[in-house]
Amino acid sequence: EIELNGGSGRLTVLGFDDALDTVGSQIRRILDLPGEAPLGSGSSLHIIKGDSTTHRLVLLRFDEGGRTLAIDIEQANADFLASQNPPGKHRIKAVPSFPGSTPMFFAEDVNTKLRIAVNTSAAPTDSIRKFYDQELRARGWTASLSDDQGTATEMPLYHRRSELLCLLVVPSQAGQTQQITLLHKELGNTTK
């Protein structure tokens, strides 16, 4: 069970030892997908709308070994529509948001308490990393990875009691802003 931006849904991941062009019918049967359109033979994204549900189906074809990975997000149609828009606010409560940043994406595995958030900011990369390092340390987080001189890596990992946080700041595809990706995990408290 997942939360995706503003909607809920179910995530399913299936692996096949066969090439994509031979497992399309199996994928449709296992996921109970509507329609009969071919899924193709290359990696692709499909949006499949039914009367009450919508599926986002990502198909990944691996050349080596001829394997296929199918990632399906099934949502009620209303939840699918709600998840089309970026989240209205920062959704990871355990971590501060960078001042003035814009939330772009949020997803959570409800059962495992794994969350990912993507925000953008016009601030320089170093300013963003410095902000998070200072704020996280002030809130009891400890940097877990550093180089020989004690300098944080480009993707620092922090821990606090039973929580982990990974931070990645990279230029966005547009190039004028930075993309801030936060991966937060609560440990030892899964519901299943």
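As the structure is a computational prediction, the values presented were derived from the model and not from experiment.
Between the CG atom in N5 and the CG atom in N85 there is a gap of 8.0 Å [rounded to 0.5 Å]. The NZ atom of K185 sits 16.0 Å away from the NE2 atom of H159 when rounded to the nearest 0.5 Å. We find the CZ-CG distance between F131 and L167 to be 10.5 Å, quoted to the nearest 0.5 Å. Annotation: the span from S162 atom OG to L187 atom CG amounts to 6.0 Å, rounded to 0.5 Å.
Salt-bridge check for R115 with E108: passed, with a basic side-chain N closer than 4.0 Å to an acidic carboxylate O. Between D126 and K130, none of the side-chain N atoms (NZ, or NE/NH1/NH2) sits under 4.0 Å from a carboxylate O, so this pair counts as no salt bridge.
For the side chain to side chain contact (heavy atoms under 4.5 Å, CB included) test with H55, the passing option among E74, R10, H46 is E74; the others fail.
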**Derivation of the salt bridge (Lys or Arg N to Asp or Glu O under 4.0 Å) call for D133 and R137** = CA-CA 6 Å; D133 190 60; R137 288 176 190 271; 2.9 Å; yes

**Request:** For L11 and D109, run side-chain contact (heavy atoms from CB on, under 4.5 Å): C-alpha distance rounded to whole Å, both residues' side-chain angles, the deciding distance at 0.1 Å, then the answer.
**Result:** CA-CA 9 Å; L11 173 75; D109 182 323; 5.8 Å; no

**Request:** Decide side-chain contact (heavy atoms from CB on, under 4.5 Å) for L4 and F106; before the verdict, give the C-alpha distance in whole Å, the side-chain angles of both, and the deciding distance to 0.1 Å.
**Result:** CA-CA 6 Å; L4 181 63; F106 173 80; over 6 Å; no

**Request:** Might you work through the side-chain contact (heavy atoms from CB on, under 4.5 Å) test for S121 and I128, ending with a clear yes or no?
**Result:** CA-CA 9 Å; S121 174; I128 297 169; 4.1 Å; yes

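Between L136 and L165, the closest side-chain pair of non-hydrogen atoms falls below 4.5 Å. A 4.5 Å side-chain heavy-atom check between P86 and P103 finds every atom pair outside the cut-off. Residues I180 and V118 are not in side-chain contact: their nearest non-hydrogen atoms beyond the backbone lie 4.5 Å or more apart. With a 4.5 Å cut-off on side-chain heavy atoms, E3 and V110 count as touching. Taking the side chain as every heavy atom from C-beta outward, M104 and N119 never approach each other to under 4.5 Å. Within the 4.5 Å cutoff, no side-chain heavy atoms of L57 are placed close to those of L45. Looking only at side-chain heavy atoms (C-beta outward), L69 and V13 come within less than 4.5 Å of each other. Y158 places none of its side-chain heavy atoms less than 4.5 Å from the side chain of T142.
Under the side chain to side chain contact (heavy atoms under 4.5 Å, CB included) criterion, T54 pairs with I47, K49, N77, F80, not counting sequence neighbours. For the side chain to side chain contact (heavy atoms under 4.5 Å, CB included) test, residues two or more places apart in sequence or in another chain that qualify with D79 are S8, Q75, A76. Checked against side chain to side chain donor-acceptor pair (under 3.5 Å), S97 has no partners two or more places apart in sequence or in another chain. Scored by the salt bridge (charged side-chain N to carboxylate O under 4.0 Å, His left out) test, E163 finds R160 as partners (sequence neighbours excluded). With sequence neighbours excluded, no residue forms a salt bridge (charged side-chain N to carboxylate O under 4.0 Å, His left out) with R56. In this structure L183 satisfies the side chain to side chain contact (heavy atoms under 4.5 Å, CB included) test together with L114, I116, C166, sequence neighbours excluded.
Counted by atom type alone, T120 and S172 present zero donor-acceptor pairs between their side chains at under 3.5 Å.
A donor-acceptor pair under 3.5 Å is formed between the side chain of Y132 and the backbone N or O of F98. A donor-acceptor pair is defined here as one N or O able to donate and one able to accept, closer than 3.5 Å; such a pair exists between the side chain of H90 and the backbone of I92.
Across A94 and H184, no two heavy atoms sit closer than the pair CB-NE2, 3.6 Å.
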